[in-house]
Amino acid sequence: MAYTTHEIKRIETKWQQYWADHQTFKVSVDHKKPKYYCLEMFPYPSGKIHMGHVRNYTIADVVARFKMMQGYNVLHPIGYDAFGQPAENAAIKNKTHPAEWTYHCIEQMREELKSMGFSYDWDRELATCDREYYRWNQWIFLKMFECGIAYKKASSVNWCPSCETTLANEEVIQGECWRCKTKVIQKDLEQWYLKITQYAEELLEDLKTLKHWPERVLTMQENWIGKSYGVEIYFKAKKTGETIPVFTTRPDTIFGATYMVLAPEHPLVEKLIKDSPHRGKVQAFIDKTAKKSKSLRMMGELQKKGVFTGEYAINPVNGETIPIWIADYVLMEYGTGAIMAVPTHDQRDFLFAKEYKLPMRIVIQDPRNPNARVEDLEQAFEGDGILVNSAQFNGLNNQEAKKKIGEWMSAELPPQFGEISPEIRDSWRTNKGIGKITVHWRLRDWLISRQRYWGTPIPIIYCGRCGMVPVPDDQLPVELPEKIKITGLGGSPLAQSKEFVNIKCPKCGKSAKRETDTMATFFDSSWYFLRYCCAHDDKQIFDKKEVAYWMPVDQYIGGIEHAILHLLYSRFFTKFFRDLGLINFSEPFQRLLTQGMVLKDGEVMSKSKGNTVDPDSVVDKYGADALRLFILFAAPPEDQLEWNDAAIEGSWKFLNRIWHVVNQRYKAINIKIDSRQFDEQDKNLERDRNAAIKEVTEDISEGFKFNTAISQVMILMNTLEKYQVTANPQHKQALLNDAIKTVILLLSPFTPHLCEEMWEKMSGKESIAKIAWPQYNENALKKDLVQIVVQVDGKLRGKFMFPVDSTQEQLKIVILDDAKIKQYIQGKTIQKVIVVPNKLVNIATS
RNA sequence: GGGCAAGUGGUGGAAUGGUAUACACGCAGGACUUAAAAUCCUGUGGCCGCAAGGCUGUGAGGGUUCGACUCCCUCCUUGCCCACCA
């Protein structure tokens, strides 16, 4: 009987059923064993799993099974990130309800996951759209509301006209909606925010403790949080006396500020231009810029446009009067929405100044061009140098000056220049200085309101008398009304349901209205890993004891696309829970592995490109084991993986070989192996067997090198298949049996179905998942003879066999006497002989 | 523009500073077969050579070293992330 499609189906179904019946992967708290929490990023239930899922979950499954066999109490759960827009879109398209559609998809997905043989504890399965789950979303929200972490404010927000909803900054990619790629516009709305910025410092600082996260994820988070040190400088409007704060990271260039620029949306603009003769022109410019979306403004990178306001500002360091401009290259969202322009030392300012013929002054000397004149500059000099034209700071190195000028500004009163009116000078005094050293963060508060149906209702009630009233705890969850028309035409669908909206105020009992926004789905996924610890606890969000045992996650595995959003939010939630006293750790994920993408024909597999390969069809033909093996063998987990139809067949062939070896060459025998009876062939087999154990163990635990781990098993298979059971057949058969068993054990985390079947056939009464991981014997790895490579001047010139641990002298005698080597060193003087024990000899000549 | 990662046979990929190309796919030849598939065996970086063997070779160019895919410098290319961030 061969390892046919039919056999594969039988075996894989049999063992999936076995694991379910025997609850092989069900776990509970057990203080006698070390715990290991292996987590993968839960899927969005679209109905079908794709190769990305298969790769992600296969990697995690190997880790989980490996750790289990090593004696750990392994928590390996799965669930579904089930709220969100696709369900609404699908519901509209298929004339069904999002809930119906979602639960149907979950069912399909569960079957597919089961058909891959993943070692989940299915008792912990959860979906974020379950009322038992999202009620705790609401509970968290209310805790955040209590602490002031959740708050409502009106502001200009990102709005996707196609999805008809607001978007977080994180969801705007290159000015486009991350989901539908529509150009995002700005809209003024009252929205709910989470004050993630309160944790900015800690979120940045704790990145240093994440020793086992990929470097690039840490960098991406660091850049996203974006801490920059600088100085806020208080300029004054000359006529009105208004303070105009400007943020700069380059206070060392302050003496070179020759004009100032405000963002078109800057709140002071209106006042400044009120009596200005330029008013009409300025207003026209502002209107024109406002029509352009942010993305268009960003794309016009090369053309900076602006207009003079007619008003001037006073530079507090020297009392100089500089013109105030308005330009599209200054953004209201960053800093203070106003900049001091130093065209000589900032390229953007330089381009703008050239365009509008604004003055320039060099204040940092370019060491490579110390006599540069403003007229000759072809670009701004942004490097380091010595300060000039900068009053008492002349001669300082600019890096030093950054610090000194910042300190001086926070202490100093404005200088006594004649041009400044006494009123303006006095107003500076109230600021206790003309500037302040500040830290600026790129990170914004997180906008979580969504005008969508399929999400967690925000549990707030608006009462005419009492204002914003949180829904009392005992009235949670605020359930999503089932009967609702989803049109996708905009506005919050919940607002249409009178039964939902109209409610009595829990405080005063008068008529009130519910909040009709739902939460962004990233809220749901920011804490699901905690819920897995006690997924069905209906009394509390999670059991402290369970969480204390299982958390933090030992190994988290998922796609790089979540490097910023999901991981940052989860870290934020964890810190918030810690501050609530629910947990006593600050970081949720100890180790992070970001798996590479699956490509086909050099491109990312995607529906839109039409180059997807359906895992289901591969499983049907070759089985889950072959698919798993291919995915693990074809590339290291963090690298991109190129799909190859031919190579999957190769994986199947390898499994077929194993099938035949067990069926044809394994013969049950009861005899003790005696190493004193070993001949060369036996020693060789034992060496490869032990080497395989060693390499596979190390490759998995030190950096998930599954591809090389598998190649080690293949090497053992190659040796084992050549092994002859001739003289002393009983003893040799026992030795062969041992090697076969080792192959099956080592391979079982990778291809569990076949290995279970083979194990059962050979000896197992119990699931192979419960068998201890094999140990190796260091002595068996030793060889009697080793090959010594001989180089002359670094070039390979010969290979010799020597007894292990031969001394330098012993080596020299043979090697230097060798005819061929002699040929190469003839007529040369030997400078030195380098010996790498048991490996190499290099003869260096002159 | 900034940051990060990577560049090795026909292909996927291996190599604590120590034999470059492990392991596999593919390809070629052979065995088995009426034939094919499957399976097994042999070969497989390039150039020269009948062969033994030699030369050359890890994106390019330098450097350190007895010895460099590996470390350092300069550059090129590709991918990813961020970006008028003051």
Side-chain angles (χ1 to χ4, degrees), chain A residues 2 173-174 214-224 226 228 230-231 246-251 253 261 263 294 297-304 327-331 333-342 345-349 351-352 382 440-442 560-561 563-564 594 596-597 599 602 604 629-630 633-636 638-651 653-654 656-657 660 705 707-715 717-718 721 787-799 820 830-837 839-846:
Chain A
I173 313 294
Q174 296 267 307
E215 197 56 48
R216 64 173 178 146
V217 174
L218 294 174
T219 314
M220 279 160 75
Q221 292 231 342
E222 199 181 313
N223 291 342
W224 190 263
S228 54
V231 179
V246 151
F247 175 75
T248 182
T249 53
R250 294 293 306 272
T253 63
V261 188
K294 209 195 281 176
R297 254 170 88 180
M298 285 174 185
M299 277 163 198
E301 203 166 330
L302 296 174
Q303 289 180 335
K304 301 182 198 311
D328 55 5
Y329 78 100
V330 173
L331 305 174
E333 299 83 61
Y334 191 78
T336 59
I339 62 157
M340 60 172 204
V342 186
H345 304 294
D346 181 291
Q347 185 61 19
R348 291 157 303 177
D349 296 345
L351 292 173
F352 191 78
E382 294 179 331
H440 185 264
W441 302 91
R442 210 192 78 111
I560 187 76
E561 68 272 20
I564 299 175
T594 50
M597 286 187 277
L599 311 182
V604 178
L629 188 69
F630 163 72
F633 184 59
E638 305 213 60
D639 290 7
Q640 297 185 330
L641 171 78
E642 176 71 34
W643 180 263
N644 183 337
D645 284 317
I648 177 88
E649 192 149 330
S651 293
K653 281 182 191 173
F654 178 66
N656 196 29
R657 277 167 65 197
H660 280 106
K705 293 185 267 179
N707 53 336
T708 48
I710 292 165
S711 78
Q712 279 298 325
V713 182
M714 287 174 169
I715 291 170
M717 268 296 284
N718 291 345
E721 284 183 315
Q787 181 186 261
I788 302 287
V789 173
V790 178
Q791 299 179 335
V792 177
D793 294 326
K795 277 188 190 291
L796 176 67
R797 295 303 181 194
K799 294 174 184 178
K820 203 179 145 198
I830 295 174
Q831 289 294 325
K832 51 175 156 173
V833 178
I834 293 102
V835 175
V836 181
K839 210 166 219 171
L840 173 141
V841 173
N842 188 14
I843 303 161
T845 68
S846 58

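Only this structure's heavy atoms are used, side chains among them; waters, hydrogens and symmetry mates stay out. First the proteins, then the strands, lettered A, B, ... as listed; each starts at 1.
Within the 4.0 Å cut-off from OP1 or OP2 of B/C85, at least one side-chain nitrogen or oxygen of A/R348 is found. A sub-4.0 Å separation between OP1 or OP2 of B/G67 and a side-chain N or O of A/K832 is absent. Contact annotation: A/R216 side-chain N/O to B/C82 OP1/OP2 distance is not under 4.0 Å. Phosphate proximity of B/U19 to A/K799: absent, as no side-chain N or O sits under 4.0 Å from OP1 or OP2.
Comparing A/D349 and A/V789 by the nucleotide of RNA chain B whose heavy atom lies nearest to each, the residue mapping closer to the 5' end is A/V789. Taking the nucleotide of RNA chain B with the nearest heavy atom to each of A/L796 and A/T336, the more 5' of the two is matched to A/L796.
For B/G59 and B/U78, the C1' atoms lie 10 Å apart once the distance is rounded to whole Å. For the P atoms, the distance from B/G57 to B/A68 is 12 Å, rounded to whole Å. The same atom, C1', is picked in B/G54 and in B/U34; the two are 48 Å apart, to the nearest Å. Separating the P atom of B/A83 from that of B/C72 is a span of 30 Å, rounded to the nearest Å. To the nearest whole angstrom, the two C1' atoms, one in B/U70 and one in B/A20, are 11 Å apart. Taking atom P in both B/G10 and B/G1, the straight-line distance is 34 Å, to the nearest Å. Comparing the same atom, C1', in B/G3 and in B/U58 gives a spacing of 27 Å after rounding to whole Å. Comparing B/G13 with B/U65, their C1' atoms sit 29 Å apart, to the nearest whole Å.
Inter-residue side-chain proximity for A/Q347 and A/L351 is flagged as met; some heavy-atom pair is nearer than 4.5 Å.
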Counting only pairs under 3.5 Å, give me each side-chain donor-acceptor contact of residues 787-794 of chain A, with atom names and distances, residues two or more places apart or in other chains.
unit_1: A/D793; atom_1: OD1; unit_2: A/T845; atom_2: N; d: 2.8
unit_1: A/D793; atom_1: OD1; unit_2: A/T845; atom_2: OG1; d: 3.3
unit_1: A/D793; atom_1: OD2; unit_2: A/T845; atom_2: OG1; d: 2.7

Pairs under 3.5 Å (Watson-Crick or G-U), crossing ones as [ ], inter-strand ones as |: RNA chain B comes out as (((((((..(((.....[....)))((((((.......))))))((((....))))..(((((..]....))))))))))))....
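Taken to the nearest 0.5 Å, the CD atom of A/E222 stands 8.5 Å off from the CD atom of A/E215. Here the straight-line distance linking atom CD1 of A/I710 with atom CE of A/M717 works out to 13.5 Å at 0.5 Å rounding. Separation of atoms CD (A/E649) and NZ (A/K653) is listed at 5.5 Å; rounding is to 0.5 Å.
In this structure, the nucleotide among B/C55, B/U19, B/C82 sitting nearest to the side chain of A/I564 is B/C82. Nearest to the side chain of A/K653, among B/C81, B/G26, B/C66, sits B/G26. Among the nucleotides B/C55, B/G3, B/A83, the one closest to any side-chain atom of A/N223 is B/G3. Of the candidates B/C23, B/U56, B/A86, the closest approach to any side-chain atom of A/K795 belongs to B/U56. For A/S711, counting side-chain heavy atoms from C-beta on, the closest listed nucleotide (B/A86, B/A20, B/A22) is B/A22.
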From CA spacing to verdict: side chain to side chain contact (heavy atoms under 4.5 Å, CB included), A/D349, A/I339
CA-CA 10 Å; A/D349 296 345; A/I339 62 157; 3.5 Å; yes
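For B/G10, the base is anti relative to its sugar; the glycosidic angle deviates from 0 by more than 90°.
In this structure, A/N656 reaches neither bases nor backbone, as no heavy-atom distance under 4.0 Å exists between it and the strands shown.
Distance CG (A/D328) to C1' (B/A83): 16 Å, rounded to an integer number of Å. Across the protein-nucleic acid pair, A/I715 atom CD1 and B/C23 atom P stand 6 Å apart, rounded to whole Å. When rounded to the nearest whole Å, the span between CG of A/L599 and P of B/A6 equals 17 Å. In this structure, the CE atom of A/M597 is 15 Å from the P atom of B/A6, given to the nearest Å. Put simply, NE2 on A/H660 is 9 Å from P on B/U39, counting in whole angstrom units. Following rounding to the nearest Å, A/D793 (CG) and B/U19 (P) show an atom-to-atom distance of 17 Å. The interatomic distance linking A/W441 (CH2) with B/A86 (P) rounds to 14 Å, in whole Å. In this structure, CD1 of A/I710 is placed 18 Å from P of B/A22, rounded to the nearest angstrom.
Take A/F654 and apply the ring pair (Phe, Tyr, Trp, His ring centres under 6.0 Å) test, not counting sequence neighbours, and it matches no residue. When the ring pair (Phe, Tyr, Trp, His ring centres under 6.0 Å) test is applied to A/F633, no partner is found at least two apart in sequence or on another chain. With sequence neighbours excluded, no residue satisfies side-chain hydrogen bond (donor to acceptor under 3.5 Å, both in side chains) with A/R216.
Contact record, A/V330 with A/G337: CG1-O, 3.6 Å, taken as the closest heavy-atom pair. When all heavy atoms of A/F630 and A/E642 are compared, the closest pair comes out as CZ-O, 3.9 Å.
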Annotated protein contacts, base or backbone, on nucleotides 7-18 of chain B with a non-hydrogen cut-off under 4.0 Å, one of B, S, - each
-----BSS---B
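A tilted orientation is assigned to the rings of A/F247 and A/H440, their planes being inclined by 30° to 60°.
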